[in-house]
Trainee: 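Sending over a structure as structure tokens; questions will come in a sec.
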Amino acid sequence: MKGFLSITVLAVLLLVHSSQAVYIQDGDLKFSLESVKKLRELMDENRHVNPHMVVSMASYSPCDEKDLPEEFQPVCKREDASMVFERLNQAVQDDDLCEICANAACTGCF
């Protein structure tokens, strides 16, 4: 009985730990890791549309993308939106750093 109880407690603890969300923070802004990964995908797709023509990041705004996660809409209204998006993109260039919370911008890990 004690063995079953121990396994049950361990399983619940692992479930709770794995369900904790990881967030990327930029100043007072906080976004889910999954949303920032989606932002990175959108930005990377835009950079590599044509290998002979690199799109200037100054003229590109993720806010124009229909697939931009909803939680970024407040950023689109800011004057520094392009800088915020670039910093978020840089924070998740290496997924593993956020997955193991080695990056200071990532929060939510234990």
Trainee: What distance do Ser82 atom OG and Asn89 atom CG have between them, rounded to the nearest 0.5 Å?
Mentor: 12.5 Å

Trainee: If the condition is side-chain contact (heavy atoms from CB on, under 4.5 Å), which residues does Cys63 pass it with, not counting sequence neighbours?
Mentor: Ser61, Cys76, Phe85

Trainee: Say whether, by atom type as modelled, one donor and one acceptor occur between the side chain of Arg40 and the main chain of Val92 under 3.5 angstrom.
Mentor: yes

Trainee: Is the distance between the ring centroids of Phe31 and Phe72 under 6.0 Å?
Mentor: yes

Trainee: Testing the basics here: between Met43 and Glu86, what is the closest heavy-atom pair and its distance to 0.1 Å?
Mentor: CE-OE1, 3.5 Å

Trainee: Any chance you could measure Ile24, atom CD1, to Glu34, atom CD, to the nearest 0.5 Å?
Mentor: 10.0 Å

Trainee: Going through the distances and angles, do Glu41 and Asp67 end up as a side chain to side chain contact (heavy atoms under 4.5 Å, CB included)?
Mentor: CA-CA 10 Å; Glu41 288 174 18; Asp67 295 331; over 6 Å; no

Trainee: Can you confirm whether Leu42 sits close enough to Pro62 that some side-chain heavy atom of one is under 4.5 Å from a side-chain heavy atom of the other?
Mentor: no

Trainee: Could you tell me the separation between the CD atom of Gln90 and the CG atom of Asp26, rounded to the nearest 0.5 Å?
Mentor: 12.0 Å

Trainee: Can you tell me how far apart CD (Glu65) and CD (Glu45) are? Round to the nearest 0.5 Å.
Mentor: 7.5 Å

Trainee: With a 3.5 Å distance limit and no angle check, can you tell me whether Gln25 reaches the backbone of Gly27 through a side-chain donor-acceptor pair?
Mentor: yes

Trainee: Working to the nearest 0.5 Å, report the span between CG of Leu33 and CG of Leu88.
Mentor: 11.0 Å

Trainee: Could you grab the distance from atom CD of Gln73 to atom CG of Leu68, nearest 0.5 Å is fine?
Mentor: 5.5 Å

